[in-house]
Amino acid sequence: MNTKATPWNRAWLLWLAGLALFSAQASAQNSIDNFEVSQQGGKTVVRITTKEPLKSVPPNFSVATPARIAFDFPNTANALGRSNQDIGQGDLRSMNVVQGADRTRLVLNLRRAVGHEATLEGNTLVITLAEPAVASTTPGGVAHFSEGKADVKHAVRDI
């Protein structure tokens, strides 16, 4: 058996590699085509437009440190022409898009951990970043959980 690389073998290998690349791109039936950020009523709203409407909100999760929210788009390619962008609006610092074999992950890098709500509007995923909850206290600055008096003498004896 001849193991020497001939021009024919090289051409065959290049054709197979091209076919594999084409197959990987063809399996990604959808694509992320546009990414917009706006401020609406003091909230940051992210709009991600896809070529085809999504069937449901993509699986997502958040991380507190460093503060991030990630969305996994199955069988979707990145057609934005970029993989990262500085944003600097509200709590959103930047975004990253990483394409893998069977999904594309969009990561929102935040200034601080915030909640989010995601909804679908046709072929647009709308992500609204919630404002962080503000702790409230009573006017005296101390929160009272009970108005009763504790019987310290009996509480210590019972321990």
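Computed from a predicted structure; not experimentally measured.
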### Query
Looking at His116 versus Phe61, is the centre-to-centre ring distance below 6.0 Å?
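They do not qualify: ring centres at least 6.0 Å apart.
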Under 4.5 Å between any side-chain heavy atoms of [X] and [Y], yes or no?
X      : Y      : result
Ile69  : Val107 : no
Val46  : Gln89  : no
Val37  : Leu92  : yes
Val57  : Leu120 : yes
Leu106 : Asn96  : no
Gln85  : Arg82  : yes
Leu54  : Phe73  : yes

Counting N and O atoms only, with roles assigned by atom type, does the side chain of [X] sit under 3.5 Å from a partner on the main chain of [Y], one being a donor and the other an acceptor?
X     : Y     : value
Thr50 : Glu52 : yes
Asn78 : Gln99 : no
Asn60 : Pro58 : yes

So which atom in [X] and which in [Y] form the shortest heavy-atom distance, rounded to 0.1 Å?
X      : Y      : result
Thr49  : Thr124 : OG1-OG1, 3.5 Å
Phe71  : Ala118 : CE2-CB, 4.0 Å
Gly122 : Pro53  : O-CB, 3.7 Å
Ser31  : Ala79  : CB-CB, 3.9 Å

### Message
Does Thr76 form a side-chain contact (heavy atoms from CB on, under 4.5 Å) with Ile32? I'd like the steps, not just the answer.
### Response
CA-CA 7 Å; Thr76 303; Ile32 297 173; 3.8 Å; yes
### Task
Using the side-chain contact (heavy atoms from CB on, under 4.5 Å) rule, take Gln39 and Thr44 through it: C-alpha gap first, then chi angles, then the decisive distance, then the call.
CA-CA 5 Å; Gln39 295 293 124; Thr44 304; 2.9 Å; yes
### Query
Taking a hydrophobic cluster as the set of Ile, Leu, Val, Met, Phe, Trp and Tyr residues connected by side-chain heavy atoms closer than 4.5 Å, whether directly or through intermediates, do Phe35 and Ile127 fall within one such cluster?
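Per the 4.5 Å side-chain linkage, Phe35 and Ile127 are co-clustered.
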### Query
Any ion pair linking Arg103 and Asp72 (charged N to carboxylate O, less than 4.0 Å)?
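Counted as a salt bridge, because a side-chain N and a carboxylate O are separated by less than 4.0 Å.
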#### Entry: side chain to side chain donor-acceptor pair (under 3.5 Å) between Arg93 and Asn109, intermediate numbers included
CA-CA 6 Å; Arg93 290 183 316 124; Asn109 300 301; 4.7 Å; no
#### Entry: Test log, rule salt bridge (Lys or Arg N to Asp or Glu O under 4.0 Å), inputs Asp91 and Arg111
CA-CA 5 Å; Asp91 286 317; Arg111 295 186 197 289; 5.5 Å; no
#### Entry: Reported CG-to-CD1 distance for the pair Leu108 and Ile87, which is rounded to 0.5 angstrom
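The CG atom of Leu108 sits 8.5 Å away from the CD1 atom of Ile87.
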### Task
May I ask you to list the residues sharing a hydrophobic cluster with Val126, side-chain cutoff 4.5 Å, ordered by chain and number?
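In the cluster with Val126 are Val45.
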### Task
Determine, stepwise, if the pair Asn75 / Asn30 fulfils side-chain contact (heavy atoms from CB on, under 4.5 Å).
CA-CA 6 Å; Asn75 300 317; Asn30 208 349; over 6 Å; no
